[in-house]
Amino acid sequence: MESQPKNPLHGIRLDAILNHLVDTYGWPELGERIPIRCFTHNPSIKSSLTFLRKTPWARERVEGLYLKSLRDAKKK
C-alpha cells in the first residue's frame with residue numbers, strides 16, 4: 001500500500017465515517033444535508049453502506065460532509 005500523507009481519509013473506513021456522521025447529526029439532519037433515500041426512508045447503517053459503496057457521487061458527498069464536520073469540531 002502506498003503512503004498517502006496528504007489524504008485525510010486514508011485509513012478511515014466508510015462505516016466509521018457513517019457512524020461519526022450519524023452520531024454528530026442524526027439520521028433526520030443527515031437526510032436533509034444529503035438528500036438520498038437511504039438516509040431519509042428507514043435508514044440503517046447496513047443499507048447506507050450498501051448504497052454508498054455502489055454510488056461514487058453519494059460517497060463523495062458523505063466524505064465531504066465528514067471532513068466538514070471534522071473542521072467544524074476543530075474550530076470549537
Taking only distance into account, with no hydrogens and no angle test, what donor-acceptor pairs under 3.5 Å do side-chain atoms of residues 58-70 form with protein atoms, sequence neighbours excluded?
{"residue": "R59", "atom": "NE", "partner": "E63", "partner atom": "OE2", "Å": "3.0"}
{"residue": "R61", "atom": "NH2", "partner": "R33", "partner atom": "O", "Å": "3.3"}
{"residue": "K68", "atom": "NZ", "partner": "D72", "partner atom": "OD2", "Å": "2.8"}
{"residue": "S69", "atom": "OG", "partner": "H20", "partner atom": "NE2", "Å": "3.0"}
{"residue": "S69", "atom": "OG", "partner": "Y66", "partner atom": "O", "Å": "2.7"}

task = Identify, with sequence neighbours excluded, every residue that meets side chain to side chain contact (heavy atoms under 4.5 Å, CB included) alongside N7.
result = Q4, L9, H10
task = Measure the CG-OG1 distance between N19 and T24 for me, rounded to the nearest 0.5 Å.
result = 10.0 Å
task = Considering non-hydrogen atoms only, spot the tightest contact between I34 and F39 and give its length.
result = O-CD1, 3.5 Å
query = Side chains of I36 and W57: closer than 4.5 Å at any heavy-atom pair?
reply = yes
query = What heavy-atom pair brings S48 and C38 nearest, and what distance separates the two atoms?
reply = OG-O, 3.4 Å
task = List the steps and the verdict of side-chain contact (heavy atoms from CB on, under 4.5 Å) for I17 and L21.
result = CA-CA 6 Å; I17 292 172; L21 292 174; 4.2 Å; yes
Under the side chain to side chain contact (heavy atoms under 4.5 Å, CB included) test, residues paired with T50 that sit two or more places apart = K54
